[in-house]
Each structure stands twice: as structure tokens, then as C-alpha cells.
Amino acid sequence: MKQQGLLIVISGPSGAGKGTVCKAFLERHHEVMLSISATTRLPRKGEKEGVNYFFKDHDTFENMIKNGELLEYAKFVDNYYGTPKHFVYEQLNMGRDVILEIDIQGALQVKESFGDGVFIFILPPSMEELKRRIIGRGTETLDVIEKRLENASKEIGFLDKYDYVVINDEVGNAVSYIESIVTAEKCKVKRNKDIYKNFSGGMSYDDRSTAQ
Ligand code: 5GP
């Protein structure tokens, strides 16, 4: 049986550079799939349907919730965001790794329902840098910027729910760290229980402790 793919959940405050880091990671790893979220937020300039998000109106999104189509969802700065379930399970079952770039409320839900994922928190080097990045992006109103900064300081309090933290001081470094994390996760004994079968006539883990 083919081993299930790894579910890689990436969160962190808005402005930490998750999107840029994920994009750079995926450019180096065409074998890894990105889950495209659904949202009620309006598209930003240059964003495309089905590439950045599936853009939905409120009623359609609430129907998706009602019909159990979402693996998780959250309300973030007055808009819904959620992960369509079908795509994620299909890819994992085919043995492909899947990245979810989602907020903390969503990541905690995934942890409840799918504890076997790897949970990575991305942080900017400092709060000042975070502020600079959100303001520099120039896509949000002052009101939304303030809400995002307020959220960010609350969100950092959830760091201990994650398995790994990556400081995004430079995108290339952050990508290398994520590569190392994924490699380490795949080498975990718990993810390689079938390995003994490849060593016919070999000892099981338990035999080794008694043989001399
Ligand atoms: P943005 O509006 O900047 O694209 O995204 C706002 C926040 O929503 C980011 O922290 C992003 O990671 C998060 N987000 C994007 N998609 C999802 C999703 O499917 N579920 C959850 N819970 N959060 C998401």
C-alpha cells in the first residue's frame, strides 16, 4: 500500500510572509500540492479564481459549511476562509504531500481532526518588521491593517500548539528550514512502520533488544 502523503500546515501572523515562503517552496517542490482555500474576501488586484482562492459569496460559503465540505474554516477580519476537504483527502490518499496555508483557528481545527499533520508556525524577525510588511503591502485600509496587527500579537500566543517555528528573515532560509522539517518528519519511525517488511528474514525492532 502506498504511504499516505504528509499534511503540512503552515500558519503565522498576516505579514509573516507565509504566502511568499509557500510559493518559493512549491517552486522547488512540484511534487507537493497546495490546497486552494475558499473565501468570502474580495479578490485583491491580480488575484485569480481557483489560483489564489475560490471566491464565494456569504451564502454559498455557509452552504459549504452546512454540507460538511470543509476540512476547517475560520472567520478572519470579517471574512470566511476555509479548506475544501475533498481535494486534500484525495491527494493525501494518492501519497502526495499537501500544504495548507491557513490561520491559527483553522490549524487548531485540523490538529483536532487530523493530528498526524506537521504544524509549522512562520514568524517575521520582529513585530516592527511585521508592521512594516503589512503597511508596505499597500493593499489594505488602515482599519484592516490595525485589525491584522492586533490579531498578530494574539496569534503569537498560540505558538506552543505548533511542532516547529520558522523565522522568515530571508525567504531562501525559510524554505530550507521547511525542507529540513519535511525530511525529518518523513524519517520518523512512526511514519515508516512498513520498513521491516523490506528486510525479509531481518529482525523486528523487538527482536533486536534480546539478540546478542
Ligand atoms: P489573506 O486575506 O491575506 O489572503 O489571508 C488572511 C488569513 O487567512 C491568512 O492568515 C491566511 O493564512 C488565512 N487563510 C487563508 N486560507 C485559509 C483557510 O482555508 N482557512 C483558514 N482557517 N485560514 C485561511
Side-chain angles (χ1 to χ4, degrees), residues 7-26 33-58 60-65 67-89 91-92 98-114 117-124 127 130-159 161-162 165-166 168 174 178:
L7 184 64
I8 306 160
V9 180
I10 298 195
S11 314
S14 173
K18 287 169 300 197
T20 313
V21 170
C22 286
K23 190 161 169 261
F25 180 87
L26 291 161
M33 309 306 291
L34 175 70
S35 155
I36 310 292
S37 300
T39 184
T40 56
R41 165 167 84 56
L42 292 174
R44 290 189 188 124
K45 205 167 161 234
E47 284 186 335
K48 289 198 183 80
E49 167 72 13
V51 176
N52 304 91
Y53 284 104
F54 296 109
F55 295 98
K56 306 284 181 195
D57 60 39
H58 252 73
T60 310
F61 197 101
E62 284 179 349
N63 273 331
M64 291 171 82
I65 299 174
N67 297 335
E69 291 172 41
L70 301 173
L71 177 62
E72 59 71 37
Y73 69 93
K75 222 169 188 183
F76 182 82
V77 191
D78 300 334
N79 279 303
Y80 279 125
Y81 295 80
T83 304
K85 194 187 275 179
H86 178 75
F87 175 81
V88 174
Y89 283 147
Q91 298 299 318
L92 291 176
V98 180
I99 291 193
L100 304 188
E101 188 217 312
I102 60 178
D103 90 319
I104 289 152
Q105 307 165 65
L108 296 180
Q109 289 170 49
V110 177
K111 207 170 176 189
E112 283 279 303
S113 62
F114 199 98
V118 52
F119 295 81
I120 304 174
F121 201 85
I122 299 200
L123 279 177
M127 200 65 190
L130 184 74
K131 213 180 269 182
R132 207 184 58 73
R133 288 182 191 174
I134 297 184
I135 294 169
R137 198 152 65 180
T139 51
E140 262 89 21
T141 60
L142 254 176
D143 184 41
V144 171
I145 291 171
E146 268 171 25
K147 275 194 189 165
R148 285 187 179 234
L149 284 170
E150 210 178 290
N151 266 335
S153 38
K154 276 192 216 143
E155 286 175 347
I156 291 165
F158 287 94
L159 183 59
K161 304 277 182 211
Y162 285 74
V165 60
V166 168
N168 179 23
I178 295 174

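Only a predicted model underlies this, so the values are computations on that prediction, with no experimental measurement involved. Counting begins at 1 with the first residue of the sequence. First listed ligand is number 1; within each ligand, the first listed atom is number 1.
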Kindly give the heavy-atom pair with the smallest separation between Ile36 and Val51, and that separation in Å.
-> CD1-O, 3.2 Å
What about Ser14: any of its N or O atoms under 3.5 Å from an N or O on ligand 1?
-> no
Nearest protein heavy atom with distance in Å, relative to atom 12 (O) of ligand 1 = Lys18 NZ, 3.2 Å
Arg41, any N or O under 3.5 Å of ligand 1 N or O | yes
When only distance counts, is Gly82 in polar contact with ligand 1, meaning an N/O pair under 3.5 Å?
-> yes
Closest to atom 20 (N) of ligand 1 among protein heavy atoms sits Glu72 OE2, 2.7 Å
Output the list of atoms in ligand 1 that are nearer than 4.0 Å to some heavy atom of Gly106, sorted by atom number.
-> 22 (N)
What atoms of ligand 1 come closer than 4.0 angstrom to any heavy atom of Glu101?
-> 12 (O), 14 (N), 15 (C), 16 (N), 17 (C)
Any Ile178 side-chain heavy atom under 4.5 Å of Ile122 side chain = yes
Ignoring hydrogens and angles, tell me if any N or O in the side chain of Gln109 forms a donor-acceptor pair with the backbone of Leu71 under 3.5 Å.
-> no
Using the ring of each side chain (for Trp, its six-membered ring), is Tyr162 parallel, tilted or perpendicular to Phe121, with breaks at 30° and 60°?
-> perpendicular
Run the numbers for me: atoms of ligand 1, each under 4.0 Å from some heavy atom of Ala74, listed by number.
-> 22 (N)
Of all heavy-atom pairs between Glu72 and Val110, which one has the smallest distance, and what is that distance?
-> CG-CG2, 3.5 Å
Is the backbone N or O of Ala174 less than 3.5 Å from a side-chain atom of Asn168, with the two atoms forming a donor-acceptor pair by type?
-> no
Expected output: side-chain Thr39 to main-chain Tyr80 donor-acceptor under 3.5 Å | yes
Quick one: look up the protein heavy atom nearest atom 15 (C) of ligand 1 and list residue, atom name and how far away it is.
-> Tyr53 OH, 3.3 Å
For atom 8 (O) of ligand 1, state which one of Tyr73, Tyr80, Tyr81 supplies the nearest heavy atom.
-> Tyr81
For residues Asp78 and Lys147, determine if any side-chain heavy atom of one lies less than 4.5 Å from a side-chain heavy atom of the other.
-> yes
Atoms of ligand 1 close to Phe76 [distance to a heavy atom under 4.0 angstrom, numbered from 1] = 6 (C), 7 (C)
Under 4.0 Å, heavy atoms only, figure out whether ligand 1 is touched by the backbone of Arg44, its side chain, both or neither.
-> side chain
Can Arg148 be said to touch ligand 1, with heavy atoms closer than 4.0 Å?
-> yes
Does NE2 in His86 sit with more than 12 non-hydrogen atoms of other residues, nucleotides or ligands closer than 6.0 Å?
-> no
Looking only at protein heavy atoms, identify the closest one to atom 13 (C) of ligand 1 and say how far it is in Å.
-> Asp103 N, 3.7 Å
For Ser37, the ligand 1 atoms with a heavy-atom partner under 4.0 Å come out as 16 (N), 17 (C), 18 (C), 19 (O)
Is the NZ atom of Lys131 crowded by more than 12 outside heavy atoms at less than 6.0 Å?
-> no
